[in-house]
A.B. asks: 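The structure that follows is given in the form of structure tokens.
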Amino acid sequence: MVSQLTPGERIAALITLILLAVIGLFMAAAGRADPLGAHGFVVLLSSTGLIFLLLSKSNGTPPDPARLLQYYDDPTKLGIILSMIWAVFGLFIGVWVASLLAWPDLTFDAAWASFGRLRPVHTTSVIFGFGGNALIATSLHVLQRTSRARLPEQFSPWFVLLGYNLFCILAVSGYFLGVTQSKEYAEAEWYADIWLVIVWVVYFGIYIRTLARRQEPHIYVANWYYMAFILVVAMLHIVNNLAIPVSMGHAKSYSAFSGVQDAMTQWWYGHNAVAFFLTAGFLGMMYYYLPKRAERPIFSYRLSIISFWGITFMYMWAGSHHLHYTALPHWVQTLGMSFSIVLLVPSWASAGNALATLNGAWHRVRDDATLRFMMVAAVFYGLTTFEGSFMAIRPVNSLSHYTDWTIGHVHAGALGWVAMITFGTFYCLVPWMWKQERIYSPKLVEWHFWLALSGTIVYVFAMWNSGIIQGLMWRTYNESGTLTYSFLESLVAMEPYYIARAFGGFLFLAGAVVGSYNIWMTIRMARGVPATPMDDLPVSRLAPEAGE
Amino acid sequence: MIADHETLVAIAKSWGLFYLIAMSIGVLLYAFWPRNRKRFEKAKMSILEKDDRPWH
């Protein structure tokens with residue numbers, strides 16, 4: 001890590017870390033007993049820790065100039081490891097939260113373990129910790145390969161990766177402490193939000209600077225998706241988090257918006273976080289790793305372009321479908337509903353494009369669990385986007401909203417699409433990154449696949465059942481025109497589904513643990529064998545020497 | 001011009017519609033323009049080429 005930095009970059013890193021340590025110290029001093037003070041210490045300790053690492057590993061020798069003839073993959077490697085750690089942690093918290101609904105005593109009377117605090121810990125860990133690290137790691141890999149250019153320098157990728165994880169730690173530890181700005185998927189408070197903006201701008205800078213150095217004239221479509229992800233997430237994050245802190249010494253802040261405007265801004269953010277974080281970024285992943293693993297070019301490149309612009313321009317307007325039957329003007333609700341339905345076109349174009357790419361390689365899908373992960377991801381992507389468009393229709397939403405159906409829908413997307421495409425990608429990428437012929441154990445990949453698939457199916461079916469029952473019980477009237485069921489009765493009816501859901505989540509977690517072990521053993525395999533940097537991709541490919 | 005409800009609805013229903021239609025036509029033209037075909041064919045094959053180190 002440090003040995004690859006040039007002397008100038010080491011100094012830049014040192015200055016950045018000292019600056020960060022000073023900021024941490026100021027936060028600790030200004031915050032005192034406030035959670036901001038505790039976070040000041042987190043910032044101070046992590047930056048001083050990195051200063052020690054930097055100084056102890058800096059031996060004054062500049063890195064080998066021959067490195068410039070290779071791609072810079074060290075940040076990608078660490079990103080994969082961090083992503084898997086967050087996956088196991090986030091999924092574990094998810095199973096815990098799910099169990100809380102069936103067995104409420106599992107909070108152990110501790111404030112930090114209450115449902116309201118654990119839930120954002122779960123969502124942030126899996127979306128931003130697992131998903132975000134996977135996106136950063138793979139985007140840097142795809143960017144370099146498709147541009148045929150090395151990253152411009154060695155410092156900023158580390159700044160982005162480690163800075164991003166600092167944000168995740170501040171966010172997650174804050175929720176345990178009770179810090180939240182009560183905006184879904186944007187619970188982190190103002191100081192963490194400002195830090196993420198800085199990290200994100202540097203991230204976009206890496207992308208632009210590497211593209212400027214590209215040797216390939218055309219920018220491959222995966223990069224368009226990754227760039228849309230980075231750019232739009234920056235925009236959403238800044239606008240939705242506009243807030244005034246109570247004081248510079250307090251973690252608490254108040255939103256710049258109020259009432260229904262605040263709700264609309266939040267769901268414009270929230271839905272586009274799904275669109276550009278959980279969809280566009282992972283579509284970028286799919287458009288590169290799926291053809292690569294299948295050893296077949298994407299079915300239609302033109303279709304991928306059309307669906308790219310469709311997704312980019314349509315998704316922006318769909319957020320208001322989260323606010324049906326609220327104070328939001330009726331026409332805004334209708335706008336969101338209409339765009340949600342139109343969105344089915346680019347979504348199915350992508351899902352269909354992926355499946356059509358595999359057409360003719362089904363024997364490989366059958367034999368190769370890694371490719372099967374990607375295939376199942378594309379299927380779930382198609383199913384979830386259909387379901388989403390359907391649920392956005394106002395009368396359907398009157399049944400589904402506030403019920404577990406929504407949770408089922410989200411998890412069909414998050415487990416079935418996002419996590420599956422990520423695991424497939426990692427099983428592809430890990431042997432390439434650590435210069436191994438194959439993953440440690442293909443059998444364990446099979447295990448992971450079936451655990452993940454069965455977990456997802458159990459989870460989604462449990463939530464469909466409970467959601468529809470809930471929705472129907474809440475709207476059933478008796479002859480005298482009053483509600484037939486009390487809320488409590490609907491809650492009691494949910495218990496078996498909550499247990500089934502926790503079990504489904506447990507299966508998925510077990511799969512992720514198996515996957516982490518497999519990846520870890522592949523990395524250990526690499527330790528015994530000296531790396532041969534000129535053979536980055538040992539697997540056979542369609543046209544091995546083409547373009548050389 | 002006042003950014004009230006009526007004005008915004010009018011803009012959304014007229015200009016919003018036209019710009020999205022124009023954008024769609026633009027994208028379709030770009031994707032299906034005959035001269036771009038070769039470039040897209042090359043792009044879709046390019047990722048399958050050998051890519052173990054940067055080009056210089």
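Naming convention: chains lettered A, B, ... in sequence-line order (proteins, then strands); numbering from 1 in each chain.
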A.B. asks: Using 0.5 Å steps for rounding, measure from the CE atom of A:Met314 to the CG atom of B:Leu20.
C.D. replies: 6.0 Å
A.B. asks: First locate atom CG of B:Leu28, then atom CD1 of A:Ile306, and finally report the distance between them rounded to the nearest 0.5 Å.
C.D. replies: 5.0 Å
A.B. asks: Which region of B:Lys13, side chain (C-beta onward) or backbone (N, CA, C, O), has a non-hydrogen atom less than 4.5 Å from a non-hydrogen atom of chain A, or is it both or neither?
C.D. replies: neither
A.B. asks: Only one of A:Phe308, A:Phe313, A:Trp309 passes side-chain contact (heavy atoms from CB on, under 4.5 Å) with B:Val27; say which it is.
C.D. replies: A:Trp309
A.B. asks: Count the heavy-atom pairs under 4.5 Å between each of A:Glu216, A:Arg214, A:Gln144 and chain B, then report the option with the highest count.
C.D. replies: A:Glu216
A.B. asks: Do other residues, nucleotides or ligands put more than 12 heavy atoms under 6.0 Å from the CH2 atom of A:Trp268?
C.D. replies: yes
A.B. asks: Does B:Arg37 CZ have over 12 foreign heavy atoms under 6.0 Å away?
C.D. replies: no
A.B. asks: Once you round to the nearest 0.5 Å, how far does OH of A:Tyr220 lie from NZ of B:Lys42?
C.D. replies: 13.0 Å
A.B. asks: Where does A:Phe299 contact chain B at under 4.5 Å (heavy atoms): side chain, backbone, both or neither?
C.D. replies: backbone
A.B. asks: Counting heavy atoms not belonging to B:Trp33, are there more than 12 under 6.0 Å from its CH2?
C.D. replies: no
A.B. asks: Going from OH on A:Tyr301 to CD on B:Glu41, what distance comes out if it is rounded to the nearest 0.5 angstrom?
C.D. replies: 11.0 Å
A.B. asks: Which pair of non-hydrogen atoms, one from A:Pro291 and one from B:Ile47, has the smallest distance, and what is that distance?
C.D. replies: CB-CD1, 3.8 Å
A.B. asks: Considering only heavy atoms from C-beta outward, does the side chain of A:Ile298 approach that of B:Phe40 to under 4.5 Å?
C.D. replies: no
A.B. asks: Once rounded to the nearest 0.5 Å, what's the spacing between atom CZ of A:Arg145 and atom OG of B:Ser46?
C.D. replies: 13.5 Å
A.B. asks: Are the side chains of A:Arg148 and B:Glu49 in touch, meaning some heavy atoms are under 4.5 Å apart?
C.D. replies: yes
A.B. asks: Within this structure, what is the NZ-NE2 distance for the pair B:Lys44 and A:His218, rounded to the nearest 0.5 Å?
C.D. replies: 12.0 Å
